[in-house]
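One structure, as C-alpha cells, below. Some questions next.
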Amino acid sequence: MAVVACCALAAPKAGSGSLPEQRAPAGFPRAVRLLTRRDFARVFDDARPFGSALVTVLARPNDLGHARLGMVIGKKKLRRAVDRNLMKRIIRESFRRQQTALPALDLVVIAKPAKRVDRQRLARDLAKQWRRIAGAHDDRRDAADSTRRSA
RNA sequence: AGAGCUGGCCAGGCAAUCGCUGUCCCGCAAGGGAUGGAGGAAAGUCCGGGCUCCACAGGGUAGGGCGCCAGGUAACGCCUGGGCGGCGCGAGCCGACGGAAAGUGCAACAGAAAGGAUACCGCCGAUGGCCCGCAAGGGCACAGGCAAGGGUGAAAUGGUGCGGUAAGAGCGCACCGCGCAGGUGGCAACACGCUGCGGCAUGGUAAACCCCGCCCGGAGCAAGGCCAAAUAGGGGCGCGACAGGUGUGACCCGCACUGCGCCCGGGUAGGCUGCUUGAGGGGAUUGGCGACAAUCCUCCCAGAUGAAUGAUUGUCCACGACAGAACCCGGCUUAUCGGCCAGCUCUUGCU
C-alpha cells in the first residue's frame, strides 16, 4: 500500500530512474570498497565490461553477499586533480545511494578521457549503468538457473 | 567627484538530512558520542634549507650557479634600505647593474670610410705649377691642403661661442662634457657648482668565448627504520646415528619417506613507522627608517594511503574565479569572478 502511494507520487516527476533513489540510505564503509591490488587484479582478470561515453564499468561476481566498488581515474584521462577528485566523489555517492539495489559484484569504474566533469550527466549515466549491470546479472543467474533446472 | 599608484586582507554564508576520515571518550562487541578535517596559490617543480641514507683528511682541476653596495635570514637566485641608469606631470615603476686601456671573436644593408678606418659630393688652392697682364692683379684646378657643410648608417673620433685661417681643424681661448690624480662627505656602492693636471683619450657587444670575485659532494619519504606468512640457500648449539621422527594401520611386525629439536640470520606478500609541535599561528612590549629580531603571554590548527573534507534540499545575497595536501618549511613564477581596508599622487569644483 505504502509502496504504491510512493510510486504514484514519484511518477509525475518525469522519468526519474526506475531504481528508487533513496531506498535504505546506506553508508560507504571500507567493506564495500576494493582496497588492495589483489582485489583489483581479480576483477581485471575476468570481468564483464559495461561501457558508456563517460566511463567503463567492469563487473565480476563475488561471494560476499554485497557489491564492492573500486575506481581507476587516470591522470592522463583527467588532467586536473580537482576533476579527478570530483569524479570519484560523484561515483562514490552514486554507488552509495544505489548499492543495495546491486547484486554481489566487484565493480571497477574506469574513467574515460574528458576535459571537464559534468556532474549531472555523470550521475545520470552512472544510474543507468548500475541498472544495466543489475539487469544483466539477473538474466545470467536466471539463465544459469534454467540450465541447471533443465539438466 | 573622477583618474591612478602602493601595501594588506577575504575567497559565498546559514540550516537540516545522509555519508567519508584523524583524535579522544563510553562499550566485551556491534556501535554510539564529542571534536578537528585543503590553498592563496595546495599548482609549475625554477631556486634555497631542514630531515634521511651513501660518499668524504686538506687543497686543486673539471663542471655548474651567482654578480652595484650595505643589511636581514637557517639559507637563497628571496626580502629590506641605499646608489646608479631609464620611464612617468606625479604617487611610483622597471633594470643578469663586475671587467671591453688581458686576449680572441662578431657587426647584415647602406656608405668614400666601421677601428687607432675614410674623402663621393664639397670647401680651399695661401705655397709650388701653368695661363693672361707692363704692373697691380686676375684665371686654371695640376701638385697639394681641409674635414666645417651635404649625403649613408644603429653608430662617423666631444658640444656651443669667439678667435684664427687660403679653407679649416682643440690650432688657441672661455664655458659645458670627458679622463687621471688628490681632497671632502659616506661603513660602502657612489656623490661633489672642491683643487690640480691632460686638448681629449678606452666606439659597441661579455643572456659571444673569456677574465675576476664569491658559492656549490650525491641521491631523495618509492629517503630511511621496524615487524614479518611464504620461498631459496646459509650459520651456530644440543641430541642421535642397529636409534629416533613422519606416514600406512586398532596395534605389533612389515613397508615407504626422512636426521631431529632449538636458536641465529635472511627478507617477498602484507603491516607498522617516518607523519606532523613546526626556522609554527595569534597578541603585547621593546630595538630598528625597514626587512627583521628579542622577551613575555597564549593556542594546538589536515594527516589520507585504491588514497577522506562530499551529496541532497531549503534559504539569503554583491549569484560565487583559479583551483585539491601526499615528508616539512622559506621564496620565486604562473592561474584567478568579484569585493573590502589603509596610505599616497594628479585633475576639477566648493569653503
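In what follows, chains carry the letters A, B, and so on, assigned in the order in which the sequence lines appear, proteins first and then strands, with residues in each chain numbered from 1.
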Starting at CG of Asp39(A) and ending at P of rA269(B), how long is that distance when rounded to a whole Å?
17 Å
Ile110(A) CD1 to rG306(B) C1', in whole Å, measures 13 Å
Of the options Leu69(A), Ile73(A), Leu54(A), Thr56(A), which is the one that meets Val109(A) in a side-chain contact (heavy atoms from CB on, under 4.5 Å)?
Leu69(A)
rG99(B) and rA74(B), which share atom name C1', separated by this distance in whole Å:
34 Å
RNA chain B: Ala81(A) or Val108(A), which has the more 5' nearest nucleotide?
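The residue mapped nearer the 5' terminus is Val108(A).
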Rounded off to whole Å, could you give me the CG-to-C1' distance for the Asp83(A) and rC322(B) pair?
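These atoms are roughly 12 Å apart.
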Determine if the base of rU276(B) is syn or anti; take syn to mean the glycosidic torsion is within 90° of 0.
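Here the answer is syn: the torsion falls within 90° of 0.
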Anti versus syn assignment for rC14(B), with syn defined as within 90° of 0
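Base orientation: anti.
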Write down the partner of rG261(B) under the Watson-Crick or G-U wobble criteria, each distance required to be under 3.5 Å.
rC237(B)
From the candidates rU309(B), rA325(B), rA307(B), the one with an atom nearest any side-chain atom of Leu35(A) is rA307(B)
Separation of the P atoms in rC5(B) and rC89(B), to the nearest angstrom
14 Å
What about Arg89(A), does its side chain sit under 3.5 Å from the base of rG19(B) through a donor-acceptor pair?
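In this structure, the two groups form no donor-acceptor pair.
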Using OP1 and OP2 only, check whether a side-chain N or O of Arg68(A) sits under 4.0 Å from rG306(B).
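False: Arg68(A) side-chain N/O out of range (4.0 Å or more) of rG306(B) OP1/OP2.
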Determine the Euclidean distance between corresponding P atoms of rA102(B) and rA113(B); express it in Å to zero decimal places.
32 Å
Looking at rG144(B), which nucleotide sits across from it as a Watson-Crick or G-U wobble partner, both distances under 3.5 angstrom, or is there none?
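In the structure as shown, rG144(B) has rC124(B) as its Watson-Crick or wobble partner.
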Tell me whether Phe40(A) is stacked on the nucleobase of rG306(B), counting only the six-membered base ring and applying the 5.5 Å and 30° thresholds.
yes
Any side-chain N or O of Arg33(A) less than 4.0 Å from the OP1 or OP2 oxygen of rU21(B)?
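Answer yes for this pair, as a side-chain N or O of Arg33(A) is under 4.0 Å from OP1 or OP2.
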If we call it a pair only when both distances are under 3.5 Å in a Watson-Crick or G-U wobble match, what pairs with rU295(B)?
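Across all strands, the one nucleotide that pairs with rU295(B) is rA284(B).
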Which one is paired to rG2(B), where only Watson-Crick or G-U wobble pairs with both distances under 3.5 angstrom count?
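Its partner is rC346(B) (Watson-Crick or G-U wobble, both distances under 3.5 Å).
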Arg80(A)/Asp83(A) ion pair, N-O < 4.0 Å:
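A salt bridge links Arg80(A) with Asp83(A).
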Please measure how far the P atom in rG83(B) lies from the corresponding atom in rA169(B), and state the result in whole Å.
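Roughly 44 Å separates the two P atoms.
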For rA156(B), give its Watson-Crick or G-U wobble partner with both distances under 3.5 Å, or none.
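Base partner found: none.
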rU312(B), OP1 or OP2 - any side-chain N/O from Arg96(A) closer than 4.0 Å?
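Checking Arg96(A) against rU312(B): no side-chain N or O falls below 4.0 Å of OP1 or OP2.
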Rounded C1' spacing from rA293(B) to rC192(B) in Å:
37 Å
Rounded to whole Å, CG of Leu58(A) lies from C1' of rG306(B) at a distance of 15 Å
So which nucleotide does rA34(B) pair with, by the Watson-Crick or G-U wobble rule with both distances under 3.5 Å?
rU23(B)
How far does the C1' atom of rU334(B) sit from the matching atom of rC46(B), given to the nearest Å?
11 Å
Let me know the distance between CG of Leu86(A) and P of rU309(B), rounded to the nearest Å.
11 Å
Under 3.5 Å donor-acceptor, Arg84(A) side chain and Arg79(A) backbone:
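It does hold such a pair.
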Take the protein atom CD of Glu93(A) and the nucleotide atom C1' of rU309(B), then report the distance between them rounded to whole Å.
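Answer to the nearest Å: 13 Å.
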Distance check: side-chain N/O of Arg79(A) vs OP1/OP2 of rA43(B), anything under 4.0 Å?
no
Given the C1' atoms of rA335(B) and rG92(B), what is the spacing between them in whole Å?
27 Å
With rounding to the closest Å, how many angstrom separate the P atoms on rA101(B) and rU202(B)?
8 Å
SB check Asp106(A) Arg68(A) (cutoff 4.0 Å):
yes
Gap between atoms CG and P, on Asn85(A) and rU309(B) respectively (whole Å):
8 Å
Looking at Arg97(A) and Glu93(A), is any side-chain nitrogen of the basic one under 4.0 Å from a carboxylate oxygen of the acidic one?
yes
Does Leu78(A) form a side chain to side chain contact (heavy atoms under 4.5 Å, CB included) with Met87(A)? I'd like the steps, not just the answer.
CA-CA 9 Å; Leu78(A) 284 165; Met87(A) 186 153 189; 3.4 Å; yes
rG111(B) pairs with, by Watson-Crick or G-U criteria that keep both distances under 3.5 Å:
none
From NZ of Lys88(A) across to P of rU309(B) the rounded distance in Å is 10 Å
Does Phe28(A) offer a backbone N or O that forms a donor-acceptor pair with the side chain of Arg33(A) under 3.5 Å?
yes
If pairing requires Watson-Crick or G-U wobble contacts with both distances under 3.5 Å, which nucleotide is the partner of rA228(B)?
none
